[in-house]
Every structure is written in C-alpha cells, then in structure tokens.
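Structure first, then comments.
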Amino acid sequence: MKYVEQVLENLKKHNPNEPEFHQAATEILTTLAPVVEKHPEYEKAGLLERFIEPERVILFRVPWVDDNGKVNVNKGYRVQFNSAIGPYKGGLRFHPSVNLSIIKFLGLEQILKNSLTGLPIGGGKGGSDFDPKGKSDREVMAFCQSFMTELYRHIGADTDVPAGDIGVGAREVGYLFGQYKRIRDEHVGVLTGRGLTYGGSLVRKEATGYGLVYITEEAMKARKDSFKNKTVIISGSGNVAIYACEKAQSLGAKVVAMYDSNGYIYDSDGIKLDIIKEIKEVKRGRIKEYADIVKGAVYKDGCKGIWSVPCDVALPCATQNEIDAESAELLVRNGVKYVGEGANMPSTLEAIEIFKKKGVVFLPAKAANAGGVATSALEMAQSSGRMFWSFEEVDAKLKNIMINIYQNIDKSAKEYGYEGDYVMGANIAGFVKVATAMMAHGIV
Ligand code: NDP
Ligand code: 2IT
C-alpha cells in the first residue's frame, strides 16, 4: 500500500468517530501523494504520521453560573496541532455542535492555511460546546472567564495565540483577554481580534471577508474578469459574510442572498448591508427581520434553498459541509463560475469533485479565508513592536498577502501538473513549508 493511503487508513482506525477530521485529512493527504513521491525521505522520517497527530490536545471542564443561579458545565478544547513554523495560532469556536472531531479538522486545516500566509505561525484551534446565542452579556462573561481560568496556563504570546471563530467575536475576545490579563498580569498579544483600544489591529474585523474577495478578484483578473456586475450569493451573516459582502459590493457586485441558521433572505435589488449590520452586529437578531424592513425582499425558512438562487459567484461563509453534492449540482446548473470558501470546509468532498469536473474556479478555504489569520499575525507583529499601523497600511498588506497566496497556489498546481486545481495547489504549497521545517527539527 502507498504511504499516504497507509497513513490515512491508520488515522481512521485510531481516531474513530471523527468524521470531520477524516474528511479534512482525506482531502489533504490524497493531494500530497506527488510530494511524498518526490521526497522519499519523508516516509523514512515518519513525517506524515507526525503531521496528522496533534502535538498536544487539551480538554477541560468549564463550569459557570447562569442568570437563574443554575450551575452549567461545558467542555473546553484547545488542540495545539503543529508549531513547526511558529507559535500555535487559530481561533476559538463557541457553538453547541463543537466536539473533538470538529476542532481537530479545523486545527489540521489551520496548519496549512497559516503556512500559506507566508508568516511565522503554527496551527491550533479550540473552543467549546457553549452556545452564546440567547445568553445575557453577564452569562457570556461568566463563561469566558471560566474558560480562560483554565486556558491561560496553556497559551502565551510566543506559545499559542487564540482568536475568534464562530460564536467568538469582539465581545468574547474582550472578556477572554480581560481574564488572561488579570490572572497573568501581562498586557501582551496573547489573543488577536482584540479591540482597537487594547492592542487590536485595524482591518482584523474586516480581514477574512475582504481577503476572500481579494483572492477571488485575483482569480478573476487572471481570467480577464472582475466582480463588476456579478451576481453573488453569500451564506451566513456573521463576521466573514458581512465583510465579504461589503468588499464585493464595493467592487461593483450585486449580492442578492444571505442566510443565518434559520433561513435565507433574497433581495433582487441587492442586499442593503447597513440593515444586515444593524440586525446582526448591533441587535444580535435574526436575518428574517430583514424581509420585514426591506420592501420586495423575501425570507425563506431553511438554509439549503440559498444554493438554488442563480449566481455567478458563490461565497459560502457559514460553516462546514454547507454545500453538498446536490447543492453543488444546482449551483453549476444555474451558471456559477467562481466558488470562494470563506468558511472552513464548507464544501463536501463530493461537492468539490463536481466543481472541479464542471470547470468552476474553486478557491479552497485554506487559501481563500487565510486573510483573517494573516491579519492576526499582523496584529501580533504590531503588539510585539508596540506599534499601531493605519487602516490603509494593514489593508495593503492584507491585499498583497492574498495576491501572493493566489500566485503561490496557482504556481504549485502547475508545477505538479494540476493546472487550475487550487485544492492541490494550496495543500502542496502549504505542506512543503511545514514539512521542510519539520525535517530540519529532527524527530520531534
Ligand atoms: P460568526 O459566528 O460571526 O457567524 C457565523 C454565521 O454562520 C452566522 O450567520 C451563523 O448563523 C451561521 N452558521 C453557523 N453555524 C451554522 C450552521 N450549523 N448552520 C447554518 N448556519 C450556521 O462566525 P464567522 O463569520 O467568524 O465564521 C464563519 C465561518 O468562517 C466559519 O466556518 C469559520 O470557521 C470561518 N472563518 C472565520 C474566520 C474569522 O476571522 N472569523 C477566519 C477564517 C475562517 P446563526 O447566527 O444563526 O448561528
Ligand atoms: O479559521 C480561521 O482562520 C480563524 N478563525 C481565524 C484564526 C485567527 O487566529 O485569526
């Protein structure tokens, strides 16, 4: 049996009941066969076996008291996956679906994504099955303080630097940072996505969505195309979705549909983003309210229907496996030309196959959504240097990073004989840097 197949089979056997982790590992490992063939020394060094095994997994209890005085207990996770090229870096996700499989898939993806940014950051991910939805600010604070009261001993500005993800935004990062600082008595860049008054970076809030549009624009440019007058659909209506919408609109695109976990809105005139921001960022409300406010807009229950809306560009920005084979077929039939993944692993393996076969330009998550973590690394640089860069400066750096990522994955795909296959390109380009560093470190 070939080396990669053997490693994948062992991974499935020794990590049962982790379907998301299996899925991410399958996508990655199957594309690495040409790399390990070129480098027989990797097999001798057990490189893939070490690459797919987290350096450390931390699981902990998070007790907290709700507004009724009831004691609640959630699970806390931090997977410190790979520190070959820099300190562990990656977000925290608070969502009731969170389990070890999900955190491990996110951590594995993060290693290659962070490598693609070209900046010195390793891969990690964490979170909890805590659901911030419907909780009071005090309850969220109590939870965050309890979470950090365990996590603080495992992280540090040069060790492991968490940030946001689903359910973790400015409010949560603020409470987490406040507790870290109180326990450690250190005002350092131990979390990114911090507020602008206490060490945060301009553009971090916008970075993932903006970066997604910058890289998609670059793929369009290479095809003498642009966002101008394109019809776009964006799933989700959280941090990534909102700023992808903002940038796409500024480039002349018409965004006609968005969703939250209850259902989607369709506005044939183009979505009014200020109304979405008011509902989502200010009121923490439901997207349904948009159709009550905007004449002519419609709301439909259920998320899946969004993929039946005809579009030129689809930007999935909510969660994993939101586009299955059926939705991919529908998108293709309705004429989609570009799919850029803002969320992590939003397309199933079957959906990716369909996009590839039908010639859709497909930009995989680890390249397309790397702008968020890249700007986190810029935040770390500003913290270490005790500096504060202007919006224009950070935005220009972000754009440059996204263009470089596109060129890098395009080049790697061509080099290995898979022109236009950016899944191959991203996995290979991301992996080679990590592998080279791991080889240099010996068997660790
Ligand atoms: P938010 O919590 O801000 O928003 C998440 C959005 O997705 C909400 O609209 C939410 O709806 C929806 N959503 C979440 N889970 C589901 C689900 N199971 N089914 C349907 N809809 C769902 O998160 P972000 O915008 O930060 O993250 C979105 C995606 O982008 C995630 O995959 C994340 O890993 C990825 N990402 C985020 C980065 C960042 O910088 N924040 C960086 C790179 C990737 P509802 O409110 O109803 O739950
Ligand atoms: O998936 C991701 O890249 C993120 N949630 C952002 C991680 C970070 O450290 O900024």
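Counting convention: from 1, in listed order, for ligands and their atoms alike. In what follows, residues are counted from 1 in the order of the sequence shown.
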Charged N-O contact under 4.0 Å between [X] and [Y]:
| X | Y | answer |
| --- | --- | --- |
| K283 | E289 | yes |
| K366 | E27 | yes |
| D260 | K280 | yes |
| E379 | R194 | yes |
| D165 | R93 | yes |

| task | Take atom CG of D67 as the centre, draw a 6.0 Å sphere, and report whether it contains more than 12 heavy atoms from other residues, nucleotides or ligands. | result | yes
Counting from 1, what ligand 1 atoms have a heavy atom of [X] closer than 4.0 Å?
| X | result |
| --- | --- |
| H95 | 15 (N) |
| T208 | 38 (C), 39 (C), 40 (O), 42 (C), 43 (C) |
| R93 | 31 (C), 32 (O), 33 (C), 34 (O) |
| G236 | 9 (O) |
| G342 | 30 (O), 35 (C), 36 (N), 44 (C) |
| A343 | 29 (C), 30 (O), 32 (O), 35 (C) |

Got an N/O contact under 3.5 Å between [X] and ligand 1?
| X | answer |
| --- | --- |
| R286 | yes |
| G164 | no |
| N344 | yes |
| K133 | yes |
| N262 | no |

| request: Enumerate the protein residues lying less than 4.0 Å from ligand 2, judged by heavy-atom distances, in chain and residue-number order. | output: K89, G90, G91, Q110, K113, K125, A163, G164, D165, R204, N344, G372, V373, S376
Do [X] and [Y] have ring centres separated by under 6.0 Å?
| X | Y | value |
| --- | --- | --- |
| F51 | F431 | yes |
| Y180 | Y152 | no |
| F177 | H187 | yes |
| F147 | F60 | yes |

[atom] - nearest protein heavy atom and its distance:
| atom | answer |
| --- | --- |
| atom 33 (C) of ligand 1 | D165 OD1, 3.2 Å |
| atom 2 (O) of ligand 1 | G167 N, 2.9 Å |
| atom 13 (N) of ligand 1 | A318 CB, 4.0 Å |
| atom 24 (P) of ligand 1 | V240 CG2, 3.9 Å |
| atom 17 (C) of ligand 1 | T319 CG2, 3.5 Å |

State, without any angle test, whether [X] and [Y] hold a side-chain donor-acceptor pair at a distance under 3.5 Å.
| X | Y | value |
| --- | --- | --- |
| E278 | Y290 | no |
| D301 | Y299 | yes |
| N99 | D129 | no |
| E139 | N72 | no |

| For atom 8 (C) of ligand 1, the option (of A374, G193, G169, G238) bearing the nearest heavy atom | G238
| When you measure from atom 14 (C) of ligand 1 to each heavy atom in N239, I166, I287, which option holds the nearest one? | I166
| Within the structure, does at least one protein heavy atom fall under 4.0 Å of atom 10 (C) of ligand 1? | no
Cation-aromatic face contact [X]/[Y], 6.0 Å, 45 degrees:
| X | Y | answer |
| --- | --- | --- |
| K300 | Y264 | no |
| K356 | Y422 | no |
| K70 | W64 | no |

Which one holds for [X] and ligand 1: side chain close, backbone close, both close, or neither close, with close meaning a heavy atom under 4.0 Å?
| X | result |
| --- | --- |
| Q320 | neither |
| C317 | backbone |
| R204 | side chain |

| Any heavy atom of E322 sitting closer than 4.0 Å to ligand 1? | no
